[in-house]
Every structure is written in structure tokens, then in C-alpha cells.
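Right, one structure below, let's go through it.
Read the numbers this way: they start at 1 and go in the same order the structure lists the ligands and their atoms. Since this is a predicted model, take the numbers as computed values, not measurements.
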Amino acid sequence: MHAAFLPGNREVDLREVPDPSPGHGQVVVATRASTICGSDLRAIYREHLGEGPEAYQGVVGGHEPAGRVVAVGSGVDRIAVGDRVVVYHISGCGQCDDCRRGYQISCTAPTRKAYGWQRDGGHADLLLAEERDLLVLPDELTFLDGACVACGFGTAYEALCRLAVSGRDRLLVVGLGPVGLAAGLLAKAMGASRVVGTDPSPDRRALAVELGAVDEALAGTDEELDAALGDGAEASVDCSGNGRGQLTALRHTRRWGRAALVGEGGQLSVDVSEVLIHRQLTVHGSWVTSTVRMGELLENLARWGLHPEKVVTHRFPLAQAAEAYSVADSGVGGKVGVVWED
Ligand SMILES: [Zn+2]
Ligand SMILES: [Zn+2]
């Protein structure tokens with residue numbers, strides 16, 4: 001089979017490797033879609049920056065896969081050949097408290113491995129996965145929808161659930177990359193009465209409005225946000241991952257409001273009394289999601305008729321994975337996906 005590796009230095013290495021075969025509790029998935037995440041660019045593609053759970057160990061890249069099961073090993077009983085599945089992208093120990101709550105992302109056992117980071121990921125014709133890491137994709141959703149849920153939409157949904165976003169809220173979304181777009185689309189489906197987004201890029205602002213992810217897109221100055229939101233939004237989410245954006249999200253959250261920090265990275269310096277204490281804010285740090293919440297999201301997306309693939313602006317076959325990464329790295333469009341045509 002063909003597989004793409006990420007040696008760093010903005011290179012993509014396409015190689016021929018042996019097909020995997022499933023061991024006990026494992027399945028082989030014929031990958032149909034494998035999208036590119038901001039964290040792939042930040043910690044692997046440009047240079048190998050990651051440590052601990054983000055240390056890339058020279059495996060097949062891609063941690064947002066969806067596909068069809070083509071082989072199952074012994075002891076596999078929930079998933080069958082032919083099932084359409086999404087891969088929750090971290091394989092935890094399965095035994096610790098975090099794993100048992102479904103938050104394999106937070107597993108600290110030495111056996112924890114993330115697909116595309118420490119074990120082979122989705123940028124290959126076939127993917128070896130643990131049965132317990134798989135969610136069945138509802139018939140209403142496409143493989144590309146599933147890939148978008150595997151990390152980005154799951155992450156955005158988790159943050160909105162922590163914030164308990166409802167029709168009582170206006171939501172501020174800082175940063176309109178793929179996760180910001182997901183946050184806006186999901187918040188509207190969850191009933192948010194108004195979504196205001198900010199991004200320094202005019203292209204990203206235009207795309208967010210065009211997709212209906214936001215009602216209004218601003219560059220993000222305090223004056224603009226004061227005019228748009230008055231005392232601030234009832235709920236806010238930072239998807240920018242930089243200190244300035246994070247501070248914007250906190251400062252434009254209304255008194256007694258709730259904020260979630262989702263964008264990875266950044267250093268935040270904040271006047272604690274003025275911005276947080278005296279304004280009675282609740283602030284959540286929210287990292288990815290749980291398998292349980294991801295299953296709930298898939299069910300809701302089918303019911304809402306919302307297709308996450310609408311944020312995918314560029315699609316490439318695996319043979320053009322290098323172009324796919326180059327486009328994603330340029331930061332111009334929305335999500336970039338590697339797709340296999342049926
Ligand atoms: Zn990701
Ligand atoms: Zn664990």
C-alpha cells in the first residue's frame with residue numbers, strides 16, 4: 001500500500017509499505033478520507049517540535065481518518081467487515097480513569113499512542129486500528145464528514161458542551177480556521193442566537209460568512225467587538241492559539257459569562273482581577289473530546305443534517321499529499337483533505 005510520512009522541513013515522503021494485518025482486538029480500515037489538522041502543521045510538517053503526546057515518531061501521518069472496515073482480528077465483536085467508521089485518534093491504555101471516561105486524549109500511560117503521531121495514521125490506503133477506538137459513522141454522513149469529526153469538529157463540540165451553549169447565548173469565536181468554522185456551525189445548530197467571529201485574514205472571514213459559520217466576521221479590534229457585542233458575548237471560544245486572540249476572547253466575554261480555550265499554543269498574560277475575577281468569568285481549557293461525546297456528535301450531525309465536510313475547501317488524492325500539505329500550510333482556505341474516490 002502507499003503511505004505518506006512527514007520527515008519535517010515541509011516535506012512529504014510517499015512510500016510503498018506492507019499491508020497491515022489485524023491482531024487480537026484490531027481491525028484494518030480502508031481509508032476513504034484523512035484530513036489535515038493545524039497540529040500536524042505546527043508540530044510535525046514544518047519541523048518536529050512536539051514532545052510527550054505530540055512527539056512524532058516517524059509513523060504514517062494523519063490523525064483524522066475515516067473509512068470502511070476490510071478485516072477484523074480475533075476478539076472483535078462490536079465492529080464488522082463493511083462497517084463505515086471514524087477513528088478516535090488516540091489509543092489509550094483503556095484502564096485508567098481518563099480512558100474509562102472516554103477521554104483517551106488525557107491518558108498518561110506509557111502505552112498511549114496517537115494515530116499519526118506514535119502509531120501509523122490515516123495517510124495510507126489501509127490503517128490498523130484498535131476496535132475500541134472506532135465509532136460507527138451514521139449512513140447520513142460521508143467519509144469526509146467523519147474525518148472532520150475525528151479531531152476538529154469533535155474538539156469544537158466538546159468546548160461548546162463545556163460552555164453549555166444554547167439559545168440564551170451569543171457566541172464569540174476568535175480564530176476562523178477549520179476549528180473556528182466548526183465552532184460557529186455547531187453553535188448555531190445548538191441554538192446560539194448570534195455568532196460573531198474574528199480573524200485577521202480577510203479570506204478566512206469571507207469564507208466563514210459564506211459557509212454560514214458566523215453571522216458577522218470582524219478583524220478583531222476592541223472597538224469593533226464593543227460595537228458588535230456591547231458588554232461582551234455570553235460565551236466565547238478561542239480557536240486562534242495565540243495570546244492576543246486568547247485575551248480578546250476573555251475580554252469580550254460578558255460578566256458572568258463562560259470562555260473556552262481550544263486553540264493550541266500561545267502564552268497568555270492577563271490582568272487577573274480586571275479581566276477574570278471582577279467579571280466573574282468561568283474559563284475552560286478543553287483538549288479534544290471523548291469517544292462518548294464524539295458518538296453523540298455523529299448522531300446529532302445526522303439529525304441536524306449538518307455536513308462537516310462543508311469546511312473542506314481542498315481535496316487531494318494520496319499521491320498528491322505533498323500539495324495537500326503545502327496548501328494547508330499556506331493557511332488560505334478552510335480544511336484540506338486527502339480523499340480516496342469510490
Ligand atoms: Zn487534530
Ligand atoms: Zn489510559
Worksheet item: the Zn ion (ligand 2) as vertex, arms to SG of Cys107 and SG of Cys96: angle to 10°?
Response: 120°

Discussion item. What do you get for the angle at the Zn ion (ligand 2) between SG on Cys99 and SG on Cys93, to the nearest 10 degrees?
Written reply: 110°

Worksheet item: Do the numbers put Arg84 on top of the ring of Phe143, so that NZ or CZ is under 6.0 Å from the six-membered ring centre and no more than 45° off the axis?
Response: yes

Fill in: Arg15 to Phe5 six-membered ring, cation-pi geometry met (6.0 Å, 45°)
yes

Worksheet item: Can you say whether the rings of Tyr56 and His48 are parallel (under 30°), tilted (30 to 60°) or perpendicular (over 60°)?
Response: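 Tyr56 and His48: perpendicular rings.
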
Worksheet entry | Mutual orientation of the aromatic rings belonging to His89 and His63 [parallel < 30°, tilted 30-60°, perpendicular > 60°] |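 Ring orientation of His89 relative to His63: tilted.
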
Worksheet item: the Zn ion (ligand 1) as vertex, arms to SG of Cys151 and SG of Cys37: angle to 10°?
Response: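 Taking the Zn ion (ligand 1) as the apex, I get 130° for this pair.
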
Discussion item. Restricting to N/O/S atoms, is His89 within less than 2.8 Å of the Zn ion (ligand 1) or not?
Written reply: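 No N, O or S atom of His89 is closer than 2.8 Å to the Zn ion (ligand 1), so no.
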
